[in-house]
Each structure stands twice: as structure tokens, then as C-alpha cells.
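This report refers to the structure that appears directly beneath it.
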Amino acid sequence: MADFNFNNDIEVQRTFFNTNVTKNVSFRISQLKKLKSVLRANQGLMDKAVYKDFKKGSYENYATELSIIYNEINNYIKNIKQWSRRIRVKTDIANIPAKSYIIPEPLGVTLVIGAWNYPYQLSILPMVAAMAAGNTVIIKPSELSLNSSNVMAKIINDNFDANYIKVIEGGVPETTALLKEKFDKIFYTGSTNVGKIVMKAAAEQLCPVVLELGGKSPSFVFKDANLKIAAKRLVWAKFVNGGQTCVAPDYLLLEKGVKEKLLLEIKKQIVEIIGENPIDSEAFVRIINPRHFHRLSKLIDKQKVVFGGGTIEKELYIEPTILDNVSFDDLVMQEEIFGPILPMIEFDSLDWAIKQVKDSPKPLALYVFGKNRYNINKILKEISFGGGAVNDAIMHLANVNLPFGGVGDSGTGSYHGKYGFDTFTHFKSVLDKSTLFEPSIKYAPYSNFKLKLLKMLLG
Ligand code: NAD
């Protein structure tokens, strides 16, 4: 394994950070504006690269990656001035007279490690949040989406100084070397297993981490749901990006009596949204590599296929596939699917279904389709999950006012909008004291009178 050493890359960023230039809000705004125009100017290159990586078309690249990045940049440009201001808070009685305030300050030199499935969004969105908060950033995109990684390196490294933001490409050896360095924050997106490696390495440096991980995200569908809408939204959410979405509905939990009708609608919607021949559809991307293709192919139990099930190895193509009569013991339920396979599990008792989810690692997302508020609220109250939606799926991540992140095995920390700004910010507390007088109560000699006074004032 080649030996990499990125110490110099981190040191030049630290030196630049220490000039305090990035603490200047107008510098941050101008850099975000520049980033936006650089990305816009290179949209064609980005489209071509992601198509080469897994046949993702330009419409989807815009809808699910670039538009989200632009929206986030605009939101920061609009708000960072206000979010960077000192926050005045009340002073406690023991410290009067004084002012108390919180200074939001950037953390320093940060590292963003991205995943391949939304190669631009998952690297650039955290980078944008780090820039907005006034940090310098090293970005390590995923080596699995190599063409997109190359393009990001070109766009960023040709247009920005390496002492401010820099893309370092590579796989495990490069990431391992980066993780030996001292950062002020590491923001990692990817699998739970690698998340553990990142957290261990960060612990050595006492470096705080955000871990955006995965997991099996359930979708409950009740009999009273609007099944046409539910099917349309579920089909889009499950099969967009070929099912390679961290918050895709992993499996369906269906109230007894809803399955046949829902399945009919789902089949109709697959044809309507993706087409009769998904292999020719611009709305259906390929599996990222042979390893994932073989992993997914093994999860398709032919006996349980009620739709799709076909695969073409040389195309890395797996049909949109629905599995019926699935149980929690089946292979497909033992790991996050992360591909275009949708298992259906029926339940009689909602308590039983909730228990199955609660007995599994906490999901990144959860969705409920139905009208009965008792059922919806019971699920929202009883199951811990990262974030989710009622009568929709995935779309919660498009709202910059909602924090995006997991809980437990699905991750720690969050970003998007103000939450991203806060993630890359230290809130420094300051008590700014008057010198007008200094009460003697704090100091010895102590007396019963002072004790009485202390109890009266502080309780
Ligand atoms: P991955 O963990 O294999 O790779 C992610 C990053 O980690 C890459 O940059 C890779 O180079 C690096 N990496 C891989 N192995 C490493 C090692 N041994 N040491 C150090 N670094 C290493 O993840 P993936 O396969 O790219 O992504 C799939 C997973 O990510 C799924 O579980 C999915 O749900 C999750 N995911 C989560 C989110 C989210 O926002 N929560 C988004 C996308 C994907």
C-alpha cells in the first residue's frame, strides 16, 4: 500500500485559517457566490461525468444534486451575516452587572469525506456549510464515482486556492492517511462500518465528527392511505438513482388488506414513471459497480418476485423489482438494500410491526402513508429514526429548515441550512463583566450572614 502524507495540505490550510480571513463574513459570501458561478459554468462537465459513472441523466443530476446545492448556497448567502452575529443572552444574578454573549466562530480546518451515490451533493453540501461557517475544507470524494470525483477535483482545485479549499482524490489508502491528520471537524458520509473506522481515528485526535450513515428505512402503508399518491411517491423514492439513496424506502410494512391494491398501483406507476423498458429509460440509473451488482443480485429470491427480477451483468442493470411474502428472516432483510429491490411485509398488529423496527438498528428515515392520525402519531412517537415524512418519502431532505441526519447506527450530527452552519461552528461563551463593584459575598472570611444571603439569592 502506497504511503501518503497530507500533512502539508493541512498545514497550509491551518496557516491560512490563522490569518483570520475566513472569519470575515463578506469573504465567505464572495467565495460562496464564486462557487455557485463556477459550478454553473461547469454543469455540462458534471453531467457527463455522472453519466459515465452510472448512467445518471442530466435531468436527475440537476433535480437531485445541483439544484439542492444551489438552493443551499443561496440560503447561506442570505443568512450567514445574521447567523454569525454575537448572540446576547441574559446574565445570571451572581454575575450582575455584566453582559453575556455567544460568539459563533469557525472551527478551523475541516475534512469532508463523501459517498458515491450522490457524488456532488454529498461532498459539496457539507463543504458549503463549512465554508459558510468560515472554515477551510479538504474534500475527499468517493473513489467509486471516479469520473465525478475527477471533475470535482478539477473544478475546485482550478478555481480555489488549496490553502482554502482543496479536493484530494483517492480510496482507502488516501483516506487512511488523511485520518491520521489533526482536523477540527470530520464530516463523513457512507456506510456504518467505515463510520466506525472514521470515529476511531477521530477519537485519537479528539476531533468531533458528523457521521451520515445508512440503514434500513421502513415505509408503513395503511388501508386508509391515498394509494394512488402513495404508490407514485414510493415508486419515485425507491427507484430514483436506481434505489441507491440512503433515505430510499428500504422495505414496505403493509397493513393487512392493502397489499393487492397498492401493488397494482405500484406496477402502474413503475411503467408510468420509469417506462415499459426501464433499461431504455433516462429515469433509471445503473448499479455503481460489479461488487454491488452481485451483492444485490443475491438478494433477489426468485420465488418471491412479483415484479421485475431480471438482471444483466454486463450492463450492471437490475430491473425495478418487487418481492412479496417477505419475512424479517429473509436475506434481503439482513442488510440495507441500496438498490432497486422493494420487499413487502404485511402486518396484522401495528404493535408487532413497530416492535420489528425497534428491534433493528435505528433507521435513517421512516415514512408513513395513511390518514389516521392516531396511527401516524403512534409511529412518530414510538420509533426513533433520523428524519422522515408523512405521506411522502425522501422529500424531507429538500427542506433546508429541517435538520438532516441519522440517530444511533444511522449516524450522529446533522446538516442542511442553519444546522449545517451550526455543525461547523463553535459557540464561544463570554461573560463580559463590569468593574463598577465587586461584592464580598464570593470571598472568605465566610459568615452565617453571607450563607443566608447566598441561599436567598441563589436558592
Ligand atoms: P463507504 O463507506 O464504502 O465509502 C464512503 C467513503 O469512505 C469513501 O470516500 C471511501 O473512500 C471511504 N472509505 C471506504 N473504506 C474506507 C476505509 N476502510 N477507511 C477509510 N475510508 C474508507 O460508503 P459507500 O458505499 O460509498 O456508501 C454507501 C452507504 O452510505 C450506505 O449505507 C448509505 O446508506 C450511506 N449513505 C448515507 C448518506 C447519508 O446522508 N446519511 C448518504 C449517502 C450514503
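Index from 1, following the sequence. One-based numbering, in listed order, for ligands and for the atoms of each.
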Query raised in the report: Which of parallel (below 30°), tilted (30 to 60°) and perpendicular (above 60°) describes Phe338 and His292?
Result: tilted

Query raised in the report: In terms of the angle between their ring planes, are His396 and Phe404 parallel, tilted or perpendicular, with boundaries placed at 30° and 60°?
Result: tilted

Report summary line: Lining ligand 1 at under 4.0 Å, by non-hydrogen atom distance, are residues Ile113, Gly114, Ala115, Trp116, Asn117, Leu122, Lys140, Pro141, Ser142, Glu143, Val172, Thr175, Tyr188, Thr189, Gly190, Ser191, Val194, Ile197, Glu212, Leu213, Gly214, Cys246, Glu336, Phe338, Leu364, Phe404

Report summary line: Contacts of Tyr118 meeting ring-ring contact (aromatic ring centres under 6.0 Å, His included) (sequence neighbours excluded), chain-then-number -> none

Query raised in the report: Does Lys166 make a cation-pi contact with Phe160, if we ask for NZ or CZ under 6.0 Å from the ring centre and within 45° of the axis?
Result: no

Query raised in the report: According to the side chain to side chain donor-acceptor pair (under 3.5 Å) rule, which pairs have a member within residues 192-219, sequence neighbours left out?
Result: Lys216-Asp250

Query raised in the report: Is there any side chain to side chain donor-acceptor pair (under 3.5 Å) pair reaching into residues 301-313, and which pairs are they, with sequence neighbours excluded?
Result: His294-Glu313, Lys304-Asp330

